[in-house]
Amino acid sequence: MDNISWWRNYEGTFYPVFLGQVVSFVMALMSFTSSLVANLGANTPLSLSFFSYTALALVYGGIMIYRRQKLQVPWYWYALLGLADVQGNFLVNKAYQYSSITSVTILDCWTIAWVIILTWLFLGTRYSPWQFFGAAVCLAGLGLVLLSDAKASDGSGGSKPILGDIFVIVGTFFFSMSNVGEEFCVKKKDRIEVVSMIGLFGLLVTIIEIPILERKSLESVKWSAEIILAFCGYAVASFMFYTLVPFLLEMSGSTLFNLSLLTSDVWAVVIRTFFYKQKVEWLYFVAFALVVTGLIIYSKTEKDHVNAPANIEEADQRYQLLNEDEEQADHRRHETIS
């Protein structure tokens with residue numbers, strides 16, 4: 001019996017950790033391919049995401065059509081999630097044109113600060129002082145990244161590092177909106193529906209925005225085998241990322257998810273040093289150490305926070321009441337017509 005219990009505990013720990021490392025590696029691949037596309041002269045972040053959303057919509061949308069299942073969440077909520085996700089991808093991928101891959105991946109940690117604010121405002125989640133302290137340590141590390149980019153003069157930090165950093169920070173705000181909504185839907189609804197709808201509405205938004213924002217950039221791209229392979233690599237990596245993240249959120253929640261993504265920053269430093277042959281400023285290592293320390297403090301105390309599940313239940317009840325009000329309004333309209 002003891003051996004069985006040991007194996008169950010080992011299995012329950014090993015699989016989430018292993019899956020978290022797979023997600024982290026896939027995220028590093030996304031950063032690498034996006035940066036590679038920008039370095040090859042293709043300044044088309046929306047077009048880069050177009051193929052990702054197309055793959056998600058075709059694969060998971062096909063599953064939804066086969067199921068013939070009614071949506072469990074109104075379509076306009078998914079439209080908002082898709083819109084936020086597209087803007088986040090656009091701004092972060094755009095940042096690779098101006099800043100380094102290391103800066104972009106470390107500054108991605110701003111998502112946690114935005115998530116704290118959004119869950120506090122909209123889900124009523126209350127955080128402990130230790131969690132706020134961990135977030136403050138993360139922000140201190142991110143401040144060092146900004147300082148390092150401001151001092152960069154040899155081009156290793158990018159052509160316009162401060163502008164790139166601003167794009168990342170704003171992009172993480174949109175990502176946090178998408179992530180909070182996705183985590184809520186995954187834990188309470190159907191993950192296949194969530195991924196398929198994000199893919200569908202993300203595809204529709206990119207189709208609308210590409211002619212407006214990227215028509216001239218697409219016309220100026222000199223297509224080559226390297227660019228096409230980089231586009232395909234990003235599409236495959238992002239498809240895997242969107243596929244695996246809901247499983248990880250459902251298995252272990254945001255604690256292990258946030259900790260797992262820390263290693264993607266390590267991969268970014270390795271890629272920058274050995275592939276791009278770029279110099280890494282010493283402030284990056286101090287910043288990374290601060291970010292790791294802050295996220296460990298935040299994630300370690302998150303599991304002891306007991307208010308989060310209750311607030312998720314409360315948010316779900318609000319959502320159900322909203323749906324009931326909509327159904328009653330529809331019923332009254334039908335009675336008026338008849």
Side-chain angles (χ1 to χ4, degrees), residues 23 27 30-31 34 44-57 60-61 71-96 104-105 107-125 164-210 212-214 234-235 238-239 241-246 248-249 254 257-258 261 312 315-316 318-319 322:
V23 171
M27 185 176 181
M30 292 174 62
S31 299
S34 180
T44 55
L46 284 172
S47 302
L48 195 63
S49 299
F50 170 81
F51 297 100
S52 305
Y53 292 124
T54 300
L56 292 172
Y60 292 103
L71 290 179
Q72 300 180 39
V73 177
W75 65 269
Y76 47 83
W77 292 116
Y78 286 129
L80 292 175
L81 288 181
L83 178 63
D85 198 72
V86 170
Q87 307 316 311
N89 278 318
F90 170 73
L91 290 170
V92 171
N93 289 331
K94 188 76 173 177
Y96 287 108
V104 173
T105 50
L107 285 170
D108 267 340
C109 298
W110 262 97
T111 305
I112 291 182
W114 293 127
V115 166
I116 291 177
I117 296 173
L118 291 177
T119 53
W120 186 26
L121 291 176
F122 297 104
L123 296 183
T125 305
D165 293 347
I166 293 174
F167 279 163
V168 178
I169 293 173
V170 178
T172 56
F173 173 73
F174 286 105
F175 272 143
S176 64
M177 294 175 62
S178 176
N179 291 342
V180 169
E182 182 179 357
E183 182 176 354
F184 172 76
C185 293
V186 164
K187 288 185 176 180
K188 292 298 178 182
K189 309 300 176 184
D190 181 16
R191 60 174 176 266
I192 299 294
E193 176 181 307
V194 174
V195 177
S196 65
M197 291 297 102
I198 289 179
L200 174 61
F201 286 105
L203 176 61
L204 294 177
V205 173
T206 53
I207 290 175
I208 294 172
E209 292 188 354
I210 285 175
I212 301 173
L213 300 176
E214 287 188 0
Y234 181 86
S238 59
F239 179 85
F241 182 82
Y242 281 99
T243 299
L244 295 175
V245 165
L248 184 58
L249 289 174
S254 59
F257 177 66
N258 290 328
L261 293 186
I312 291 177
D316 191 43
R318 294 175 184 171
Y319 166 76
L322 179 61

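The two atoms that bring Ala95 and Gly164 nearest to each other are CB-O, 3.3 Å, heavy atoms only. Minimum heavy-atom separation, Val73 to Trp77: CG1-CB, 3.8 Å. Here the closest heavy-atom approach between residue Ile198 and residue Tyr53 is recorded as O-CD2, 3.9 Å. Between Ala235 and Ser52, the shortest heavy-atom contact is CA-OG, 3.8 Å. Closest non-hydrogen pair, Tyr234 versus Met30, comes out as CD1-O, 3.6 Å. In terms of heavy-atom proximity, Leu81 sits nearest to Cys185 at CD1-SG, 4.5 Å.
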message: If you apply the rule side chain to side chain contact (heavy atoms under 4.5 Å, CB included), what do you find for Leu80 with Met177, and how did you get there?
response: CA-CA 9 Å; Leu80 292 175; Met177 294 175 62; over 6 Å; no
message: Would Asp85 and Glu182 count as a side chain to side chain contact (heavy atoms under 4.5 Å, CB included) here? Give the steps.
response: CA-CA 10 Å; Asp85 198 72; Glu182 182 179 357; 5.6 Å; no
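Val194 has its side chain within reach of Tyr78: a pair of non-hydrogen atoms, C-beta onward, lies under 4.5 Å apart. Residues Met197 and Trp75 are not in side-chain contact: their nearest non-hydrogen atoms beyond the backbone lie 4.5 Å or more apart. In this structure the side chain of Pro45 never reaches within 4.5 angstrom of the side chain of Asn89, judged on heavy atoms. Inter-residue side-chain proximity for Ile169 and Trp114 is flagged as met; some heavy-atom pair is nearer than 4.5 Å. Counting heavy atoms from C-beta on, the side chains of Ser49 and Val86 never come closer than 4.5 Å.
The distance from atom CD1 of Ile210 to atom CG of Leu48, rounded to the nearest 0.5 Å, is 10.0 Å. The line from CG of Leu83 to CG of Leu204 is 11.5 Å long, rounded to the nearest 0.5 Å.
At distances below 3.5 Å, not a single donor-acceptor pair connects side-chain atoms of Glu209 with backbone N or O atoms of Leu46. Judged by distance alone, with hydrogens and angles left aside, the side-chain atoms of Thr206 form a donor-acceptor pair with the main-chain N or O of Leu203 at under 3.5 Å.
Taking the six-membered ring for Trp and the full ring otherwise, Tyr60 and Phe239 have centroids separated by under 6.0 Å.
Partners of Phe174 under the ring pair (Phe, Tyr, Trp, His ring centres under 6.0 Å) rule, at least two apart in sequence or in another chain, do not exist in this structure.
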